[in-house]
Structures are given as structure tokens and as C-alpha cells.
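Below, chains carry the letters A, B, ... as their sequence lines are ordered, and counting in each starts from 1.
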2 protein chains.
Amino acid sequence: MHHTTLKDIAAKLGVSTSTVSRALQGHPDIHPETRELVLKTAREMNYQPNAFAQNLKKKRSNTIGVIVPQVKHFFFAEIMAGITDVAYRAGYNVFISQSNEDYQREVINLQAMVAQRVAGLLTSLSSSTTSCSHLEALVQRGVPLVCFDRVCEGFKGVSVIVDDYDGAFQATQHLINRGYRRIAHLAGPQNLSIGHQRFAGYRDALVKSGRPYDPSLVVFGGLNEEDGDAGFKQLLKQSPQLPDAIFCVTDPVALGAYQNIKQMGLKIPQDIALVGFSDNPIGALIDPPLSTVRQPAYEIGETAAKTLLDLIEHPESIEKNQTIVLKTTLIVRQSS
Amino acid sequence: MHHTTLKDIAAKLGVSTSTVSRALQGHPDIHPETRELVLKTAREMNYQPNAFAQNLKKKRSNTIGVIVPQVKHFFFAEIMAGITDVAYRAGYNVFISQSNEDYQREVINLQAMVAQRVAGLLTSLSSSTTSCSHLEALVQRGVPLVCFDRVCEGFKGVSVIVDDYDGAFQATQHLINRGYRRIAHLAGPQNLSIGHQRFAGYRDALVKSGRPYDPSLVVFGGLNEEDGDAGFKQLLKQSPQLPDAIFCVTDPVALGAYQNIKQMGLKIPQDIALVGFSDNPIGALIDPPLSTVRQPAYEIGETAAKTLLDLIEHPESIEKNQTIVLKTTLIVRQSS
DNA sequence: ACTCTTTCTGGGAACGTTTGCGGGAACGTT
DNA sequence: AACGTTCCCGCAAACGTTCCCAGAAAGAGT
């Protein structure tokens, strides 16, 4: 497998590589006639520039790296779709890797990508990550980086998130308006802002409507289905009587609870109402359909990617500490 | 942002870059003492080899490229997980891009990856792709490539697929055994082997049990939910009377039909039974749960990636025309 | 006739590696 | 004392680009 190089073209045409290089990039120094000639032979010889050499010379690549906890989660898959689409249009390639919710692996992946000299980084934290210092260190070193969805509280850098607090507030208020009294919360990790903000929204909605905040109705756990399963069981143990509604930190968690409730022979929403977070398409198809807070996943990916590209190409034009907040919308279905 | 180079280390230690390079790769020519010294200072200076330079020199990268129709489909997301895990363990990076079921974009992505000099390619065809010639051309040129799941009939190259024929056969036979008589099929594109094989399995199961194959009960279409929706409507039009069971080429297609059936006020499986293909987790949660043919998605990704790595690293050890077939298993749930 | 631009092109260094080749020092063998 | 080995190490070329710096040719102005 032989790749034609600048030198090959130059030799064939009897000109120098400099000329060929310049002709190819449309440099004004080159005579239109020779430029056309070069372009033509380049096409004929199926020339494709060697990216290694270009990157080595320019000291940068056109590749961005993405690290997500798990690709198989619909939410992240959809975000990935947004990212790859934007990157594709801008002529960038996308490295992907998953941390599998493991902090160690997150760090290693991060290192590997930096070692590969990616032009920029897009990350969403694993649920076992308790600090953003590893990210902030990179930002310090000048690596363009934007965090999306899962961030640490008070992260110093640019991030794209949704209005978790408001979403949670709306959801809880909705349950209150519906007349539910014992509203429980299966909460996420408090080291991540999504966990913390959603919890805060839940609590404040209660307090604002004059209800007490009852810690026995809250269980802190993870973000996946098995966490919902475990969380619900824990809730049964720790609470003196059954809740009549549960607001869950994510849809997977809600689904974990969902199955428990059904297995217990209880009716949704008559016995227990349920609201999730993130609008997994699965929620619309189950019976009864799951109420949820919609986050625009694809758009998150798009915005994060666009912001990163800005950060790479026009670093001066961008506020280095901003957090872009996208809107959430409450979707009421039969489960509440 | 300054990256330390071999030269930096060499200068600091008063040795040549050759020595540093060799020490780093554990070359026997280097005195153990100096090797240790080099290793130590490299660590101290946080040396990370410049991949561009290495790749340029070695004329190969440690990156593999993956092209899928859509990342957001659970099936592909799970495959991606398998791929990235294997690649990660073997020290490879993963480029990802999606064709969005568009042939043009598939070709362009392919070109871009080759231009980036990926070490190998992993692809699953878009549903609008009717020929494998673009892939076979790459194989000819010596690019390590393995196709997974969606392949053309008679593709000359290595591929990893599941036993689509058998899965479809089992599913149809299951419906026959259950006593259904008018068994319809929402079929996929016949240019792709999954579409063709599943259709063949359906037809042969009917014929083998002594039934006629009735073309009015088959609709050919795409692989996604909207195709199931359209396909079902078409089925109603073209068939003189309602089918009492439908075998769908994929789970998304089945879900498209599913919603139509529910909207018409018909009962599943009493009025119409439904069987899908691929075991999307959504199928287990809807009511009634969807019968389906399970394909081991994660394992497909793993095997495809492993095979590709073999192809890259030990090209001689591998049969260049093989197709690896993984088993499918019928999962019977309440929808049939 | 001369200088001065303008227009185009080539030479060659550099980016950070890897690696073939050669060579000096130390040691043992005749 | 001369020679062959073994053990380390450095020189320098190469990978395919990009781009600074000259420089030749040609036309323009005096």
C-alpha cells in the first residue's frame, strides 16, 4: 500500500515540493497555471496529505477527544451523535473512550488523549469522580476542554449543562400540585452537580410549598438502573411508611424503581407516582408511560462540540469560566 | 503548553537522543544504569512521546476507525462499548463516525479515515448502501478492515455477523408452533445480508412447515422505527385481511408496528402477535413485553475488534475471507 | 542602460521520532 | 604486544510536511 507524497508529485512535474505544497493550499505566490497543473496531477495520483507529518509540523491535530461514562446509555449515545455531527461538518475527527464509571480509567483515558495531542477534550465525569482537579490541571496547561452534563460543583472551566435545579423543581412542584404528600427522592451522587442540583431543586420545591423536608424520604445513590433498584429497596427500609410519589434523579433509576413497584403489585400512579429525568425514549413506551424531565441530549452534544471548536480556534473570543445552561422541560405522562 | 521531547531529556542528561530513545524502549544496547537514569528523568519531566512523530516514522498509527449508521441505536452503542473496551486494553485509540444511513457520507467518512492513516477499519453498512465495492477496494489496497453486522451478500473480506437466517427461522417457527396462521414479515433492505437472510429464514420456515409463502404478507422497508410504522400501514393496505402475527426484521421496526397496533385498539398477542430482532432492552419493559431474537451486541463489538487487531498485527495468521458467525437466541415473551 | 518592483519558484531547515552504522573503551585471548 | 569481542553510545539520515529566506526572471520606471 503506497501513499503518494508531495515529493512524488513534485518529481513527476519537475518542480519543488515547496511549490506543490503551496499550490495545494492555494497560496497566492503560485502561478495559476502551475497551481491547476499540480491540483490535477494530485487528483490523478490520488494524493492524500499525510496527517502525521502535517500535525507534527503544525503541532496540532484536527482530532477532538470525548470521554463518557458509558456509550450504551441512550443519553450519552445521543450526545455523541450531536458531537460527531458537528465535528464532521467542521472537518474534525472524534476519538472516543468510556470510563465505565471508573475514576482511574477516566484519568488514564484523559492522559492517553493528551498524549495523542488531541486538539481539545470533551468530558462527562464518571459517577465515582469526586473532584475536578485533574480536569482543572489540564485547563491550566492550556488544553482546550469543555465539560458537559456531569460536572463538579464549582468547576473552573467551561461547561455545558442543563438547568438541573429548575427541572427538579418543576418536577417536584408538579407532584405537589397533583396532591401527592409523601414525595420521596432517589438522589444521585452529591459530588456531581447533577446529583446535587436535582436534590436541591427537589428540597426547595418542598420547602417553598410549606412542606417539611424529610430525610427519611431521600436515598442517595448512583445514576443507573441497578441504583434505582437498590435505592427503592433502601427507601422501603428506612421510611416508616410508603411514599406516594418518587422523583428519581435519572430515568434509569426511575426504571429500577418502576420494576420493583410493579413486582410488589402496586399501581402506578395510584399507589406510587413516578417521575424521572432525561427523557429516555423507553419511558414513552412503557405502560404507564413515565413522566420525566426532558434534557436536549443531541443539542447538548452540539453545543459542547461547537463551544470546544470555538475554544480551539478562537480562544480569545470565549469566556474561560462560563457555563452554558440549556433548558429542561417537564413532560407529564401517566405515571404521575 | 510545552511538551518535553527526547532532546530535552538528552540535553539534561548530557547524552544523545538516540540513547534516550533506546533506553525508553528497553533496547539491550543501553547500560542498565543509564536506562534507569533516563527512565527516571523522563518520569520527572513528564515525558509523553509525540505520537505524530512516532507514527510518521513508523508509518502507522495505533488508531482504529469505526463507522456505524447511527450511534444512538442501542445495538450499535453496545457494540461500540465492546469495541472501545478491547481497543483500550490493547493500547489502541478509536475514531468514531456515523454515516446516518447515508451512502455518500459513509464513503466520505471512510476516505477521511484512510487519509488519517488509521491502522484498521471497522464498519457496518448504512441501509442505503447497495454494494460493497468501496470496501473491497480498500481491502485490495491492503487496509485491514472488518465488517460487522450489516454486510453485503457475498462480501469478499472478513466479517463478523450473527446467524440471521437461523434466528429468523426460529422466530417464525415459534410463531407457527403457537398456532398463528397468517404470519406477516416486515422485511429489511435486501441488499444487506441481515435483510436478506432474515427474510430467507422467515420464508423457509413457512415452507418447511408446509405453508405457502404469501407475498402479500411481506413488506420490504428499512430498519428503523419509522420504517416499522410505514411498513405496518402498507401491510394493511396490501393484504386482504389482517395478519395474526408479524415477524419484524428489527426491534425498532417491531416497536413502530407495536404502537400502530395499540392505537388501533388491537390486543397483543391476542389479535396480532409480534416478534422482533436484536433484543433492545426496551422490549423487556413494555407491556406486553416483546418477544425477540437476541444478538450478543457487546460480543459482536469485542470479536470484531479482536479480529481487526489480529488482522493488523498478525496478518498472516488470519483467513482473509472468513466470516465469523455468532449465535442468536430466541427470547419468548408475552407478545407472542 | 540602469535600478526597482513584482511575480514566481527553489533550497533547506525544522517538527520529534527511530534506527542503521560506525566507533571508542574495556576486556580477554593468543 | 597485537588482535578480536563485547558493551555502550553517538552521528546522521529519514519519515512527509510547512514555511522562511533567497533568488531568478520579467516587466516597469527613470
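- Remark: A/R150 fails to qualify as a cation-pi partner of A/F76 under the 6.0 Å distance and 45° angle criteria applied to the six-membered ring.
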task = Please step through side-chain hydrogen bond (donor to acceptor under 3.5 Å, both in side chains) for the pair A/E101 and A/S128, ending with a clear verdict.
result = CA-CA 6 Å; A/E101 304 283 13; A/S128 62; over 6 Å; no

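- Counting to the nearest Å, the P atom of D/dG16 and the CZ atom of B/R60 are 16 Å from each other.
- Remark: B/T4 pairs with no residue by the side chain to side chain donor-acceptor pair (under 3.5 Å) rule, at least two apart or across chains.
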Solution key, residues 304-314 of chain B side-chain donor-acceptor pairs under 3.5 Å, sequence neighbours excluded:
residue	atom	partner	partner atom	Å
B/T307	OG1	B/T303	O	2.5
B/E313	OE2	B/Y92	OH	2.7

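- Side-chain contact check for B/T84 and A/Q98: at least one donor-acceptor pair (N or O, by modelled atom type) lies under 3.5 Å.
- Although no hydrogens or angles enter the test, the distance criterion places no donor-acceptor pair under 3.5 Å between the side chain of A/Q322 and the main chain of A/V158.
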key: Nucleotide pairing, DNA chain C (Watson-Crick or G-U, distances under 3.5 Å), in dot-bracket with [ ] and |   = ||||||||||||||||||||||||||||||

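- Side chain of A/E78 to main chain of A/A297: no donor-acceptor pair is present (N/O by atom type, distance under 3.5 Å, no hydrogens or angles).
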Filtered N/O pairs between nucleotides 26-28 of chain D and protein, under 3.5 Å:
none

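- Between chain A and DNA chain C, the heavy-atom contact criterion of under 4.0 Å yields a 5' to 3' nucleotide range of C/dC8 to C/dG16.
- The ring pair (Phe, Tyr, Trp, His ring centres under 6.0 Å) contacts involving residues 98-151 of chain B comprise B/Y103-B/H134, where partners must be two or more places apart or lie in separate chains.
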Name every donor-acceptor pair, under 3.5 Å, that has one atom in a side chain of residues 43-52 of chain B and the other anywhere in the protein, sequence neighbours excluded.
residue	atom	partner	partner atom	Å
B/E44	OE2	B/K40	NZ	3.2
B/N50	OD1	B/F52	N	2.8
B/N50	OD1	B/A53	N	3.1

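- Here the side chain of B/N93 pairs no donor or acceptor atom with the backbone of B/I64 at under 3.5 angstrom.
- Within residues 4-31 of chain A, the residues approached by DNA chain D to less than 4.0 Å at the level of any non-hydrogen atom are A/T5, A/L6, A/K7, A/S18, A/S21, A/R22, A/Q25, in residue-number order.
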request  = Starting from the C-alpha separation in whole Å, work towards a yes-or-no answer on side-chain hydrogen bond (donor to acceptor under 3.5 Å, both in side chains) for A/N224 and A/H73.
outcome  = CA-CA 9 Å; A/N224 296 336; A/H73 281 14; 2.9 Å; yes

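- Less than 4.0 Å separates DNA chain D from at least one heavy atom of each of the following residues of residues 45-56 of chain A: A/Y47, A/P49, A/N50, A/A53, A/Q54.
- Minimum interatomic distance between B/S124 and B/P69 (heavy atoms only, all atoms of both residues): O-CD, 3.6 Å.
- Place B/T34 and B/K58 on DNA chain D by their nearest nucleotides, and B/T34 ends up nearer the 5' end.
- The side chain to side chain donor-acceptor pair (under 3.5 Å) search around A/Q25 returns A/S21, not counting sequence neighbours.
- With sequence neighbours left out, the side chain to side chain contact (heavy atoms under 4.5 Å, CB included) criterion links B/T323 to B/S159, B/V325.
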List the atom pairs, donor and acceptor, that lie under 3.5 Å between side-chain atoms in residues 9-20 of chain A and the rest of the protein, sequence neighbours left out.
residue	atom	partner	partner atom	Å
A/S16	OG	A/S18	N	3.4
A/S16	OG	A/T19	N	3.3
A/S16	OG	A/T19	OG1	3.1

